[in-house]
Amino acid sequence: MIGNFWGYLETRPYIRARTALADCLWKLDQRDDAIRHYQDLLRLNPNDNQGVRHVLINHLLAVRELAAAAALIRDFEDDPTALMRYGAALHVFLSAPGDEADAALASAIKSNPHVPAYLLGHRRLPKNLPEFIGLGDRAEAEIYAAETRGLWNEVEGTLAWRNHGGA
């Protein structure tokens, strides 16, 4: 079953409950425990039908678990979402600011050019976030910025980096 948990209907409530537990632990500032649960969820369901990786990447970056973040990015290198592309860019910036980080940010901007305006505060987030998103659209940018703007703002130097757009 391990590795195909999502494929069994009877295990889905467990996976959903465990994801909710990890979310609660994070909110209760029990970050290490939350991260362990998210990582174990990916072990049980490596195809990540729930999108746990999208939450985990930002949590790993928040606690500066850069090696674990790099492994997650490698595992999902084909994920075209803003959550992973911008997460990868921020990871590179935290690891080694410079040309490589600029290239990663340029790649992220190419995947969704709407994100920087929200991260920089040039566009205001809507009061109600969209229920549906598409790759590269404003809705995806709004969701991404709502979930990660605090993380980007706490990393010293990203404001200037975001302003010049990695170029």
| query | Heavy atoms, side chains only, cut-off 4.5 Å: are Phe132 and Ile143 in contact? | reply | no

| Contact check, side chains of Leu129 and Glu147, non-hydrogen atoms, under 4.5 Å | no

| message | Tell me whether the rings of Trp152 and Tyr144 are parallel (<30°), tilted (30 to 60°) or perpendicular (>60°). | response | perpendicular

| message | Treating His37 as the side-chain partner and Thr19 as the backbone partner, does any N or O pair qualify as donor plus acceptor under 3.5 Å? | response | no

| query | Is there a side-chain contact between Tyr86 and Thr148, using heavy atoms and a 4.5 Å cut-off? | reply | no

| field | CD (Gln30) with more than 12 external heavy atoms under 6.0 Å | value | yes

| Asp33 and Arg31 ion-paired at < 4.0 Å | no

| task | May I ask you to decide whether Glu154 forms a salt bridge with Arg64, counting only side-chain N to carboxylate O separations under 4.0 Å? | result | yes

| said: Can you confirm whether more than 12 heavy atoms, excluding those of Glu131, are under 6.0 Å from its CD atom? | reply: no

| query | Backbone N or O of Ala103 within a donor-acceptor pair of the Ser107 side chain at under 3.5 Å? | reply | no

| Would you say the side-chain atoms of Asp79 and His54 include a donor-acceptor pair closer than 3.5 Å? | yes

| query | Can you find a heavy atom in the side chain of Asn112 that is under 4.5 Å from one in the side chain of Leu135? | reply | no

| field | Shortest non-hydrogen separation from Tyr118 to Arg149 and the atoms involved | value | O-NH1, 3.2 Å

| request: Please examine the side chains of Arg123 and His114, heavy atoms only from C-beta on, and report whether any two atoms are closer than 4.5 Å. | output: no

| Flag side-chain contact, heavy atom, 4.5 Å: Val55 against Trp26 | no

| Looking at CD of Glu142 and CZ of Arg124, how far apart are the two atoms once the value is rounded to the nearest 0.5 Å? | 13.0 Å

| said: So which atom in Pro116 and which in Ile109 form the shortest heavy-atom distance, rounded to 0.1 Å? | reply: CG-CG1, 3.9 Å

| task | Output the distance between atom CG (Asp32) and atom CD (Glu65), rounded to the nearest 0.5 Å. | result | 7.0 Å

| Whether Arg53 side chain and Leu72 backbone form a donor-acceptor pair below 3.5 Å | no

| note | Taking every heavy atom of Pro80 against every heavy atom of Ser111, the minimum-distance pair comes out as O-CB, 4.1 Å

| said: I'd like to check Leu105 versus Leu90 (side-chain heavy atoms, cut-off strictly below 4.5 Å). Are they in contact? | reply: no

| said: Quick check for you: to the nearest 0.5 Å, what is the distance between Leu44 atom CG and Asn47 atom CG? | reply: 12.5 Å

| query | For the residue pair Ala108 and Arg85, what are the closest heavy atoms and their distance? | reply | CB-O, 3.6 Å

| field | Phe76 and its side chain to side chain contact (heavy atoms under 4.5 Å, CB included) partner, picked from Ile57, Leu83, Thr81, Leu42 | value | Leu42

| Does Glu140 use its side chain to pair, donor to acceptor, with the backbone of Ala82 at less than 3.5 Å? | yes

| query | Is there a side-chain contact between Gln50 and Arg16 (heavy atoms, below 4.5 Å)? | reply | yes

